[in-house]
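These notes concern the structure reproduced below.
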Amino acid sequence: MPAVSKGDGMRGLAVFISDIRNCKSKEAEVKRINKELANIRSKFKGDKALDGYSKKKYVCKLLFIFLLGHDIDFGHMEAVNLLSSNKYTEKQIGYLFISVLVNSNSDLIRLINNAIRNDLASRNPTFMNLALHCIANVGSREMAEAFVSDIPRILVAGETMDSVKQSAALCLLRLNRTSPDLVPMGEWTARVVHLLNDQHLGVVTAATSLITTLAQKSPEDFKTSVVLAVARLSRIVTSAAIDLQDYTYYFVAAPWLSVKLLRLLQCYPPPEDAALRSRLTECLETILNKVQEPPKSKKVQHSNAKNAVLFEAIALIIHHDSEPNLLVRACNQLGQFLQHRETNLRYLALESMCLLASSEFSHEAVKTHIETVINALKTERDVSVRQRAVDLLYAMCDRSNSKQIVAEMLSYLETADYSIREEIVLKVAILAEKYAVDYTWYVDTILNLIRIAGDYVSEEVWYRVIQIVINRDDVQGYAAKTVFEALQAPACHENLVKVGGYILGEFGNLIAGDPRSSPLVQFNLLHSKFHLCSVPTRALLLSAYIKFINLFPEVKGTIQDVLRSDSQLRNADVELQQRAVEYLRLSCIASTDILATVLEEMPPFPERESSILAKLKKKKGSSKLPDLDDVRRSVNGSTDHAENTEATETVSAHSFTDKLNLNSTPSSGPSLLVDVFSDVSSPAATDMSEEHFPRFVCKNNGVIYENQLLQIGLKSEYRQNLGRMYVFYGNKTSTQFLSFSSAVTSSDILKTQLTVHAKTVDPMIEGGAQVQQILNIECLSDFSDAPVLSIQFRYGGTLQNIAVKLPVMLNKFFQPTEMTSQDFFQRWKQLGAPRQEVQKIFKAQHQMDSDVAKAKLLGFGVALLDGVDPNPANFVGAGIVHSKTTQVGCLLRLEPNTQAQMYRLTLRTSKDSVSQRLCELLSDQF
Amino acid sequence: MIKFVLMVNQQGQTRLSRYYEPVELSRRAALEAAAVRCCLSRNKDQCSFVEYKDFRLVYRQYAALYVVMGVTHSENELSIYELIQNFVEVLDKYFSRVSELDIMFNLDSVHVILDEMIQNGHIVETNKSRVLAPLTAINKMVDG
C-alpha cells in the first residue's frame with residue numbers, strides 16, 4: 001500500500017497544508033489561500049503544459065481550499081480538459097473535481113456530456129465507471145436527456161462488467177429522481193428486477209436500491225421483485241457465512257444487502273402465495289433466532305450488524321402487521337434491548353416499540369414494559385432517548401394505564417429538558433382528554449400542566465380546556481372551584497390567569513354561594529393579577545369583569561369604579577381603552593335584560609377534532625416524513641390560522657365573547673410563539689436570515705429567527721397603510737446580552753416606498769428575559785423589497801451580528817373588500833389590459849387542501865367571494881392595497897387542479913408592479 | 001438515503017465533505033459547524049443518532065476525528081453506523097492505520113474510496129478489496 005504522500009510532486013501540497021495549519025489567525029489563513037489561488041491560476045493560465053502530477057496537486061489544493069469553505073471560481077475548464085485525457089489518473093482527477101465542484105446547472109454540462117459520451121462508448125470498464133459516477137453525482141436535467149436511453153441498456157446488457165452494472169443502477173436511480181418523466185419504463189423493467197438474481201452481491205445491493213425507489217413509485221410494475229427478494233434473502237440468512245465470504249462483515253452475512261432487501265419488501269403487503277409467505281416467515285424467524293444465539297464475535301461491530309438486520313426485519317413485521325406470533329416475538333426482543341447497556345440499542349428499541357404499540361396484536365405485549373419505560377424516562381442520560389421514552393409512553397397509553405402514564409409524564413415535566421417540554425405538554429393534554437372518565441381529573445391535569453410548565457402551554461391547550469368546560473356542565477362547578485383555588489397562589493402563570501378569568505367570568509356564580517369565594521372575593525382575586533399581565537390577558541380580564549357585572553349585580557359599583565379609573569379609560573393601549581369605555585357604557589345604559597342577553601353564557605362549541613391533536617400530528621409528522629420540513633412548517637402555520645378563522649366564526653355572533661380570540665383581524669393568527677420549540681436550530685449566522693420569511697406572508701405572528709442564544713418573535717398589526725410591529729427579543733441563555741442594539745435598514749429604493757421607524761431598546765437583556773421593540777411602519781407606495789433588522793450584541797465577550805429580513809410585504813396593507821358577483825366581473829373586465837394581469841401556473845408544493853388554501857388567502861388579506869366562480873373549487877378574492885399615495889384595487893382567482901397537483905393563480909390590479917409582486921408572494925404559499 | 005458525509009476534527013475543522021443533495025456553499029459551513037457542535041456536546045453514554053432538522057445525524061468518533069452522516073428517516077441507523085466503520089476500515093487498510101493527516105494529504109484518494117462505496121446517497125459496494133480495486137490499479141500504473 002502507498003505511503004502517505006508520494007513523490008516530489010506532492011511536496012507543494014504538503015507545504016501548503018502545513019502552512020494553513022500553522023496560520024495563527026483567520027486573516028493569515030485567508031491571505032495564504034489567496035496567494036495559493038493566485039499561484040494556481042497563473043499555472044493554469046501559463047504556457048507550460050502541466051504534467052499529471054502537477055494537475056493532481058493543484059486539484060487537490062483546490063479541493064482542500066473548497067473544503068475550508070472558500071468558493072472556487074476557476075479551474076473548471078481545466079478539469080473538463082482533463083476528462084478527455086487518455087491517462088487514467090488525469091481523467092479520474094477531472095471527474096473528481098467536477099463531481100465535487102460543479103453543480104447541476106453549470107454551463108459546462110454540455111462539454112462534460114461529450115466527455116462522458118466518449119467514455120461510455122470506450123468499453124473500458126474503469127472509464128465507464130468514472131463516467132457513470134459522474135452522472136450519478138451531478139445528475140442534471142441535461143445529462144438525463146443525453147444519457148437516459150443508454151443507461152438502462154448498459155445496466156441489463158449481458159456483457160457489462162459487474163462494477164459497471166453497479167454504477168449504472170445508481171445512475172439510473174439518480175436520473176429517476178431528478179427527471180422521472182424522462183426515464184422510460186416498461187421494456188427493461190423485467191430485466192432490472194432480474195438483477196436481484198445476479199451472482200454478484202455488489203450488483204444486487206445497487207439494484208435493490210434502484211428497485212426500491214422504482215417500486216415506491218409504481219408498485220404494480222415491480223411486483224415480481226417480491227419473489228426474487230424473498231428468495232435472495234432466504235439464501236443469505238440461511239447460508240453459512242462461508243458462502244458469502246466477500247460480503248461477510250464480522251461474521252454477519254451481507255448485512256447491508258439484507259437491510260435493503262427487507263426495506264424493498266416493505267413496499268408491498270404480505271405475499272398472498274402461501275409458500276412464498278411461509279418462506280418469508282421462516283426468514284424472519286431465523287433472523288429473530290440468530291439474535292438469541294451466542295455471538296460469533298465479541299466485537300460490537302458483529303452485534304451491530306446483526307441488529308441492523310434485526311431492526312429492519314422488525315420494521316417489516318410491523319409493516320405487514322399480520323403475524324401475531326412474530327409481532328409478539330419482536331416485542332419481547334425489543335423488551336430485552338430496553339435494558340441493554342448500549343444506548344444505541346435502547347434508543348432504537350424504544351422507537352420500534354412505538355410502532356408495535358399501535359398494532360392490535362402487540363399492544364398488550366408492549367404494555368408489559370411500562371415500568372422499564374418509565375424508568376428510562378427517569379434515568380436515561382441522553383435527552384433523545386428520554387424523548388423516545390415519552391413517545392412510547394404516549395403510544396402505549398390506553399384507558400387502563402392512562403392515569404399512571406399521565407402522572408409520570410407530569411412528574412417528568414418538572415425536570416424535563418426545555419427542548420421537549422412543549423411536546424410533552426401537548427401529549428399530556430391529549431391523553432388527559434382522550435382517557436378522561438371523569439372530567440375533574442382532566443381539569444386538574446391541565447391546571448397542573450400550567451402550574452408546572454406554564455410557558456410551554458400553547459394557546460391550543462388552554463383554549464381546549466375552556467371548550468371542554470363549556471361543553472360539559474357536570475364539570476363547570478368543579479372547574480370554577482379549582483381555578484379559584486389555583487389563583488390563590490401568590491405567583492401563578494399568566495396562562496392560569498387567562499383560564500381563571502374566562503372560567504370565573506362564565507361560571508363564577510356556581511361557587512359564589514360560599515362566602516370564601518363570594519363575588520367580591522373572586523373579583524379582587526382576579527384584579528390582583530391584572531397589573532402583572534400582558535395586554536391580551538388584561539383584555540380578557542376586562543371581558544370577565546363585564547361578565548361579572550351581569551352575574552353579580554352586587555359588585556357592579558366596584559367594577560365600574562375600576563373601569564372608570566384613568567389607568568383603564570385612558571390606557572395607552574387602544575384595545576384596552578376601547579374595552580374599558582365600551583364595557584363601562586354598556587353597564588351604565590343597558591337594562592338588566594339587555595345585559596343578560598348580551599352577556600349570556602357561551603353556547604357549547606361544535607365538537608371537532610382537538611386542535612391540540614392536529615398540532616401534535618403536525619409536529620410528529622415531520623419526523624416521519626423526510627424532506628418535508630418546509631411543508632410542515634407552513635402547513636403548521638396555516639392550520640393555526642384555520643383554527644383561528646374557525647374560532648372567529650364560532651364566536652363572532654356573540655359580540656362580547658371573543659375572548660378566545662383577542663386578535664380582531666382574521667389575518668393575525670393566534671400562533672404567536674407556538675412554534676418556538678419546533679426543532680429549528682439555525683446556527684449562529686452573520687449572513688441574513690430569511691428562512692422563516694415566507695411563513696409570514698399569510699400570517700402576522702410567530703418566530704422569525706432563532707439560534708442558540710436569541711429568539712426573535714413578531715407580532716404585528718396593520719390598518720390601511722399603517723402598521724405596527726412588536727418585536728420580542730428573548731435571551732435564551734442565562735447570561736446577559738450587553739450593548740444590545742437593533743436597527744432597521746432599507747435599500748435606497750425601499751426608503752422611498754416604505755418608512756419604518758424603530759423605537760430604541762434597552763442596551764442590556766438579562767439572561768432568560770425578553771424585551772420588546774416597537775416598529776411603526778408606513779407604506780408610501782407599492783414596494784417589493786423587504787427591510788432588514790440588524791441586531792448586534794455582546795455575549796460572553798464576543799460580538800454577535802444577526803440580520804433578519806423583516807416580513808413586511810405589500811399584502812400586509814390589504815383591506816378585504818366584499819362585492820357582488822356582478823361588480824366583480826365588471827371590474828375584472830375593466831382591468832383587462834395586458835400588463836395588469838399576471839398569471840402563474842405552478843406545481844403544488846403542499847398538500848392541496850381547500851380549507852388550508854382558504855385560510856391562506858384570508859391570511860393574505862383579501863376577502864373571499866363565494867358564488868362568483870361557477871366552479872366551487874376555485875377561489876375568488878378581492879381587496880385594496882393601501883399606500884399613502886394611492887389605493888390599488890386587486891382581484892384574484894386561484895384555480896386548483898388536484899389531479900395534476902397544479903394551481904393557476906391570476907391577479908388583476910390597476911398597477912402592473914402590484915400585480916407582479918402579489919403574484920410572487922402568493923404563489924410561493926401553496 | 002444518505003444526504004452527506006462529513007469528517008470533522010475536534011477543533012471543528014472539516015477534513016472531508018461530500019454532499020449528495022445540493023447545498024449552497026454558504027449553508028455548508030453552517031451545517032458543518034452545527035454537526036460538529038452536536039457531536040462535541042455529546043458523550044459516550046449518549047446514543048449515536050441525533051435528530052437534526054428534518055433528518056438524522058449518525059456519527060462515530062475515532063480519536064479526535066468524527067465521521068458524520070446525515071441520513072433521511074428511511075435509513076436503517078445501525079447499518080449506517082456500521083457503514084461508517086466499514087469506510088474507516090477501508091481507509092485503514094489503504095493507508096495502513098489511517099490518520100487525520102493521511103486524509104488531509106490524500107484527499108483525492110479518500111474521495112475515490114468514498115465514491116466507490118456510496119453513490120448519490122446509496123450504498124454501492126461494501127467489499128473492501130473491491131472498493132480499493134481502482135486505487136490499487138492506479139498505483140500499479142504509477143509504480144510500473
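Not measured: the values here are computed from a predicted model. Quick note: numbers below take in every heavy atom, side chains included, and nothing from hydrogens, waters or symmetry partners. Proteins get letters first, then strands, A, B, ... in listed order; numbering begins at 1 in each.
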- Message: What part of A:Y95 gets within 4.5 angstrom of chain B, counting heavy atoms only: side chain, backbone, both, or neither?
- Response: neither

- Item | chain A interface, residue from B:E32, B:R28, B:H111, B:H122 that has the most non-hydrogen pairs under 4.5 Å | B:H122

- Query: Does A:T208 have any side chain to side chain contact (heavy atoms under 4.5 Å, CB included) partners at least two apart in sequence or in another chain, and if so, which?
  - Reply: A:L196, A:V204, A:T212, A:L257, A:K260, A:L261, A:L264

- Query: Which atom names give the shortest non-hydrogen contact between A:V383 and B:Q46, and what distance separates them?
  - Reply: N-NE2, 4.4 Å

- Scanning both residues in full, the closest heavy-atom pair of B:C47 with A:D382 reads N-OD2, 2.7 Å

- Under 4.5 Å from any heavy atom of chain A - which part of B:R15: both

- Given side chains that start at C-beta, do those of B:L78 and A:L345 come closer than 4.5 Å, heavy atoms only? yes

- Message: Heavy-atom pairs under 4.5 Å with chain B: which of A:Q301, A:R381, A:E312 has the most?
- Response: A:Q301

- Under 4.5 Å heavy-atom distance to chain A, tell me which part of B:L16 shows up: side chain, backbone, both or neither. backbone

- Task: Could you tell me which portion of B:Q13 (side chain, backbone, both or neither) has an atom closer than 4.5 angstrom to a non-hydrogen atom of chain A?
- Result: neither

- From B:F105 atom CZ to A:L13 atom CG, the distance as rounded to the nearest 0.5 Å: 7.0 Å

- Message: Between A:T126 and chain B, with a heavy-atom cut-off of 4.5 Å, which part of the residue counts as in contact: side chain, backbone, both or neither?
- Response: neither

- Per-residue contact mode, B:N43 against chain A (heavy atom under 4.5 angstrom): neither

- Query: Which heavy-atom pair separates A:A206 from B:V124 by the least distance, and what is that distance?
  - Reply: CB-CG2, 4.4 Å

- Which answer fits A:L130, side chain, backbone, both or neither, if we ask what part of it has an atom under 4.5 Å from a heavy atom of chain B? neither

- Hey, is the main chain of B:N120 close enough, under 3.5 Å, to the side chain of A:N137 for a donor-acceptor pair? yes

- Item | Side-chain donor or acceptor of A:T343 paired with backbone N/O of B:D45 under 3.5 Å | yes

- A:E342 versus chain B, the contacting section by heavy-atom distance below 4.5 Å: neither

- Message: So, taking the atom named CZ in A:R21 and the one named CE in B:M104, what distance separates them when rounded to the nearest 0.5 Å?
- Response: 5.0 Å

- Once you round to the nearest 0.5 Å, how far does NE2 of A:H133 lie from CG of B:D115? 6.0 Å

- Under 4.5 Å from any heavy atom of chain B - which part of A:S167: both

- Message: Is A:L348 close to chain B through its backbone or its side chain, or both, or neither, when contacts mean heavy atoms under 4.5 Å?
- Response: side chain

- With sequence neighbours left out, which residue pairs that include part of residues 65-77 of chain B fulfil the salt bridge (charged side-chain N to carboxylate O under 4.0 Å, His left out) condition? B:R56-B:E77

- Please flag which part of B:R97 lies under 4.5 Å from any non-hydrogen atom of chain A: side chain, backbone, both or neither. neither

- Item | Nearest-0.5 Å distance that lies between atom CZ in B:R130 and atom CG in A:D162 | 6.0 Å

- Side chain A:D246, main chain B:N127, donor-acceptor under 3.5 Å: no

- Message: Looking at chain A, which one of B:L107, B:T14, B:N86 has the largest number of heavy-atom pairs inside 4.5 Å, strictly under?
- Response: B:N86

- Item | Nearest heavy-atom neighbours spanning A:A305 and B:E82 | N-CG, 4.1 Å

- Task: Please report the closest heavy-atom contact between B:Y20 and A:R174, naming both atoms and the distance.
- Result: O-NH1, 4.1 Å

- Query: Non-hydrogen atoms of chain A under 4.5 Å away: do they reach the side chain of B:Y81, the backbone, both or neither?
  - Reply: side chain

- Query: Does some side-chain heavy atom of A:L173 sit less than 4.5 Å from a side-chain heavy atom of B:M1?
  - Reply: no

- Task: Please step through side-chain contact (heavy atoms from CB on, under 4.5 Å) for the pair B:S74 and A:Q216, ending with a clear verdict.
- Result: CA-CA 12 Å; B:S74 59; A:Q216 278 161 353; over 6 Å; no

- Going from CH2 on A:W256 to CG on B:L83, what distance comes out if it is rounded to the nearest 0.5 angstrom? 6.0 Å

- Item | Top contributor to chain A contacts, counting heavy-atom pairs under 4.5 Å, from B:F55, B:F49, B:Y19 | B:F49

- Note: A:T205 and B:I123 closest approach over all heavy atoms is CG2-O, 4.0 Å

- Side chain, backbone, both or neither of A:H302 within contact of chain B (heavy atoms, under 4.5 Å): neither

- Query: When rounded to the nearest 0.5 angstrom, what is the spacing between CG in B:D108 and CZ in A:F64?
  - Reply: 13.0 Å

- Under 4.5 Å heavy-atom distance to chain B, tell me which part of A:R263 shows up: side chain, backbone, both or neither. side chain

- Salt bridge flag under 4.0 Å for residues B:E51 and A:R388: yes

- Note on the structure: Counting heavy-atom pairs under 4.5 angstrom with chain B, the leader among A:L67, A:V100, A:L201, A:N307 is A:L67

- Task: With a 4.5 Å cut-off on heavy-atom pairs, point out which of A:S209, A:S258, A:A254 contacts chain B the most.
- Result: A:S209

- Query: In terms of heavy-atom pairs under 4.5 Å with chain A, which of B:A29, B:S79, B:S109 leads?
  - Reply: B:S79

- Query: Between A:A136, A:A169, A:P255, A:S163, which shows the greatest number of heavy-atom pairs under 4.5 Å with chain B?
  - Reply: A:A136

- Message: Side chains of A:Y247 and B:E125 only: does a donor on one sit below 3.5 Å from an acceptor on the other?
- Response: yes

- Contacting moiety of A:L170, where chain B heavy atoms sit under 4.5 Å: both

- Item | Interface residue of largest heavy-atom contact number with chain B, from A:R346, A:H200, A:Q266, A:H70, under 4.5 Å | A:H200

